[in-house]
**Student:** 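Okay, handing you the structure first.
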Amino acid sequence: MTELKVSAIKEGTVIDHIPAGKGLKVIEILKLGRLSNGGAVLLAMNVPSKKLGRKDIVKVEGKFLSEEEVNKIALVAPTATVNIIRDYKVVEKFKVEIQDVIEGILRCANPNCITHYEYVTTKFYVISREPLKVRCHYCERTMEEEEILANL
Amino acid sequence: MDWTGRDVISIRDFSKEDIEFVLSTAERLEKELKEKGHLEYAKGKILATLFFEPSTRTRLSFESAMHRLGGSVIGFAEASTSSVKKGESLRDTIKTVEQYSDVIVIRHPKEGAARLAAEVAEIPVINAGDGSNQHPTQTLLDLYTIKKEFGKIDGLKIGLLGDLKYGRTVHSLAEALAFYDVELYLISPEMLRMPKHIVEELKEKGVKVYETSDLEAVIGELDVLYVTRSQRERFPDEQEYLKVKGSYQVNCKVLEKAKEDLRIMHPLPRVDEIHPEVDKTKHAIYFRQVFNGVPVRMALLGLVLGVL
């Protein structure tokens, strides 16, 4: 079975159905390389998947993802499912979703946007999910996927 | 329609009904002003004009509009004479100024500054230009001018000429024109094309859009030619500006091919994109356009103050 290729975790989060190749980006966005609890992070890349053809999986020991973090993942891995694991069992499972409004996660790609100069929480409206496109609430500039990924 | 307390930040916040409401209010006030010479609607109200960037027309016409409504004006015309120079944040400047006034008009070099100001302030905020983003009151006076000249906006062929990349007035104007049944000719040097996302949006809204670098090829089609200058201050470097400087100019020779009743508009200031010889032709309406800034801004001030 696919899941057995990397060992099971006792407590933590399994992020499944990450589009193939985006697993490292997920780790980077969630800053999992620097977990303060010393938990292990397992990454499986290019795993066969019925749904996606190929997928990446990230398992994080001892960390339960907050809603805000889930939103961050949704931008790079809109297909991801999140499993919360306690005592080796899935106690909670949810699909990540790109919300209509993204607050406080993204930086605006426009260097002249007021959000880079004043104390303000960034806010973007999702104007398209496929392909991903957002508009800054402040400067009204639109950002496409590549710029969004570079500014998470 | 009750506009009391409303902010005027972006044409995106407007519906077609909103635009028409402002235009008809401006028309009413222009008539009233002509009859009475002076109005008293805003008596006892104070407008604060915060100009962090230079301006002649926008600031003076806002101030004129407030005076003509019977109100008074405070403010600064450049950031260097305010506490901004000492490092005060925009947020704190706004929180301070709103203690002294009933409505704020702001121009700022950073995009999104007016939106932030509106969120911070309890009193209404009007955007008089935020970086290369929006300049909604210019757009409303442009629409007012077109409507006054032709009696309508629908059915017109409108050319936008010049710096379509950095010019905020053409961005706002194009977005507003998308509410109407118009054909848009986007005429610019290759380097100064209208941003792709705006062109796409226009097409999505059903506007017929033509992009070209050749003014002479299309001028015979146009009812309105809206000319803008190169936004030198917004170019990332001087070299890029120099490459396009002087690459287009409207002069009497170009106008030989124009329709009899072509109207030429310009938000001003101009540099060399319209030759002064054009000023005396019947096509030139840019100084009438300047006049229209006052009734339109009177309408906006009066509406957001809730005094009309």
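In this text, all values refer to a predicted model and were calculated from it rather than measured experimentally. So that the names make sense, note that chain A is the first sequence line, chain B the second, and so on, each numbered from 1. All values below were derived from every heavy atom in this structure, side-chain atoms included, with hydrogens, water molecules and symmetry-related copies excluded.
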**Student:** Kindly give the heavy-atom pair with the smallest separation between Ile114(A) and Lys110(B), and that separation in Å.
**Tutor:**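 In terms of heavy atoms, the two residues are closest at CD1-CB, 3.8 Å.
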**Student:** I need the Ile127(A) CD1 to Glu201(B) CD distance, nearest 0.5 Å.
**Tutor:**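 So the CD1 of Ile127(A) and the CD of Glu201(B) are separated by 7.0 Å.
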**Student:** If you draw a 6.0 Å radius around NZ in Lys10(A), do more than 12 non-hydrogen atoms from other residues or ligands fall strictly inside?
**Tutor:**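 12 or below, so no.
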**Student:** Quick one: are Arg135(A) and Arg12(B) in side-chain contact, heavy atoms under 4.5 Å?
**Tutor:** yes
**Student:** Please determine whether the number of non-hydrogen atoms from other residues, nucleotides or ligands lying under 6.0 Å from atom NZ of Lys16(B) exceeds 12.
**Tutor:**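 Yes, enclosed.
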**Student:** If you count heavy-atom pairs under 4.5 Å with chain A, which of Ser10(B), Gly112(B), Pro195(B), Ser89(B) comes out on top?
**Tutor:** Gly112(B)
**Student:** More than 12 foreign heavy atoms under 6.0 Å from CD of Glu146(A): is that the case here?
**Tutor:** no
**Student:** If you count every heavy atom of other residues, nucleotides or ligands that lies below 6.0 Å from Tyr100(B) atom OH, does the total exceed 12?
**Tutor:** no
**Student:** How about Gln99(B): does its CD atom have over 12 heavy atoms from other parts shown lying under 6.0 Å from it?
**Tutor:**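 Check passes, neighbour count above 12.
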**Student:** Atom CG in Asp130(B), atom SG in Cys113(A): separation rounded to 0.5 Å?
**Tutor:**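 Answer for the CG-SG pair, Asp130(B) versus Cys113(A), is 9.5 Å.
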**Student:** Looking at every heavy atom in both Glu118(A) and Arg91(B), which two are closest together, and how far apart are they?
**Tutor:**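 Closest heavy-atom pair between Glu118(A) and Arg91(B): OE1-N, 3.2 Å.
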**Student:** Determine whether more than 12 heavy atoms belonging to other residues, nucleotides or ligands lie under 6.0 Å from atom CD of Glu97(A).
**Tutor:**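 For Glu97(A), atom CD is not crowded (no more than 12 foreign heavy atoms under 6.0 Å).
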**Student:** So how far is it from His116(A) NE2 to Glu111(B) CD, rounded to the nearest 0.5 Å?
**Tutor:** 10.0 Å
**Student:** Please indicate whether Lys205(B) has more than 12 foreign heavy atoms, meaning atoms of other residues, nucleotides or ligands, lying under 6.0 Å from its NZ.
**Tutor:** yes
**Student:** Is there a donor-acceptor contact under 3.5 Å linking the side chains of Glu119(B) and His137(A)?
**Tutor:**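 Yes, a side-chain donor-acceptor pair sits under 3.5 Å.
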**Student:** Is there a donor-acceptor contact under 3.5 Å from the side chain of Glu140(A) to the main chain of Asn133(B)?
**Tutor:** no
